[in-house]
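Right, one structure below, let's go through it.
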Amino acid sequence: MSPATEYRYNRLTWEDMNKVIAMQKVVLLPTGSTEQHGPHLPLDVDTFLTESVCLEVGRRASDRVLILPPVAYGLNLHHMDFPGTIHIEPDVFIAFGLNITKSVAYHGFTKILIVNGHGSNGPLVDLIARKTVLETDSLCGTVSYFSLAMEAFQKIRDTSVIAHADEFETSLYLHLAPERVRKDKIGKGDDVMGKYVSSDSTSNYPVRFHDIWGRWTQVGVHGDATAATAEKGKIIFEAAVSGLMDVVDEWRNWPVAERSDQHARPVQSQIRW
Ligand SMILES: [Zn+2]
């Protein structure tokens, strides 16, 4: 595969890199987790699903994207009551992710996009992107793959809660790797629903709150995976892939404007924050 059409960042040599930097491919960083996903799904759900969406975008738009190896760990102390989960402290995660994006920027890529698959990483990847913009000459944004598929999912969903190892994630996993889903273990989560507070992960409830999972579920599922099907997963996957391709194209063309300083007198530009 030539550098122009190779979409996996670490399959390139350093000589290839000069060619793809000149092409200004958009660099995607998938971020997931290693985290319990109920009795029916493996711990790799968030990493596997977001990386699968990114890699498919790479296959379809290989002339304009590069996919970094994923960050497969995230903020997860709330899942520690379930065996196997790995937790990374927020400050460690932000520092680690920022080191990746700054390295990419250093080499000359000007457009970086973090594609998140683990909801609890959301505030952290936002900060990584913001810090990248402030500390480099490149632009970095974030998007969650699930947000890009939500409009399509709304039309086919049969359950009311979107949260964790639910109809959405289980359907997508059934589409991509059905042999890894323990189908006899698929069940309904034990959700806790109030008027303002709930275990739903969407923004439909005004109070943002996330309890320790050993406190609000016995099975590690919120939402209802019994409604999951591979057919729904295919629709979710196609929506996420085509949505991410649109995002990549807009992001690639987004202008990096010249910065203008409105001070009338010289500023103390030696100050570092
Ligand atoms: Zn998940």
Side-chain angles (χ1 to χ4, degrees), residues 29-55 70-88 90 93 114-125 142-150 152-153 157 159-178 180-183 185-192 198-204 208-214 216-230 232-233 236-237 239-240 244:
L29 174 62
T31 54
S33 66
T34 299
E35 162 200 55
Q36 77 82 16
H37 269 77
H40 65 293
L41 291 172
L43 274 64
D44 72 348
V45 170
D46 293 353
T47 308
F48 174 60
L49 298 183
T50 195
E51 188 185 22
S52 296
V53 170
C54 289
L55 289 173
V71 176
Y73 307 100
L75 172 69
N76 257 319
L77 199 55
H78 51 293
H79 279 284
M80 280 308 220
D81 292 333
F82 294 84
T85 298
I86 306 282
H87 167 64
I88 305 295
F93 184 91
I114 301 171
V115 185
N116 186 36
H118 175 50
S120 296
N121 287 345
L124 313 183
V125 293
T142 69
V143 66
S144 66
Y145 84 85
F146 37 84
S147 69
L148 299 170
M150 214 39 77
F153 182 63
R157 65 191 287 184
T159 60
S160 59
V161 173
I162 300 176
H164 185 77
D166 51 9
E167 181 187 9
F168 182 97
E169 285 187 322
T170 307
S171 292
L172 194 44
Y173 215 116
L174 280 170
H175 169 58
L176 292 168
R180 303 210 297 257
V181 179
R182 281 44 158 198
K183 297 181 191 68
K185 305 264 187 175
I186 289 176
K188 188 177 179 331
D190 34 9
D191 282 289
V192 190
S198 88
S199 52
D200 186 289
S201 290
T202 64
S203 51
N204 297 338
R208 304 305 301 154
F209 165 69
H210 215 92
D211 206 347
I212 293 168
W213 278 60
W216 68 355
T217 170
Q218 300 300 306
V219 291
V221 177
H222 281 153
D224 183 355
T226 60
T229 67
K232 289 176 186 170
I236 293 167
F237 186 68
L244 187 55

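Each ligand, and each atom within it, is numbered from 1 in the order the structure gives. Since the structure is predicted, the reported quantities are computational estimates derived from the model, not experimental observations.
Checked against ring pair (Phe, Tyr, Trp, His ring centres under 6.0 Å), Tyr173 has the following partners two or more places apart in sequence or in another chain: Phe48.
Counting backbone and side-chain atoms alike, Glu169 contributes an N/O/S atom closer than 2.8 Å to the Zn ion (ligand 1). Here His164 fails the criterion, with no N, O or S atom under 2.8 Å of the Zn ion (ligand 1).
In terms of modelled atom types and a separation under 3.5 Å, the side chain of Asp190 and the main chain of Gln218 share a donor-acceptor contact.
His40 and Thr170 are linked by a side-chain donor-acceptor pair at a separation below 3.5 angstrom, with hydrogens and angles left out of the test.
Residues Thr47 and Val71 come closest through the heavy atom pair OG1-O, 4.5 Å.
Of all the N, O or S atoms in Asp46, the one closest to the Zn ion (ligand 1) is OD1.
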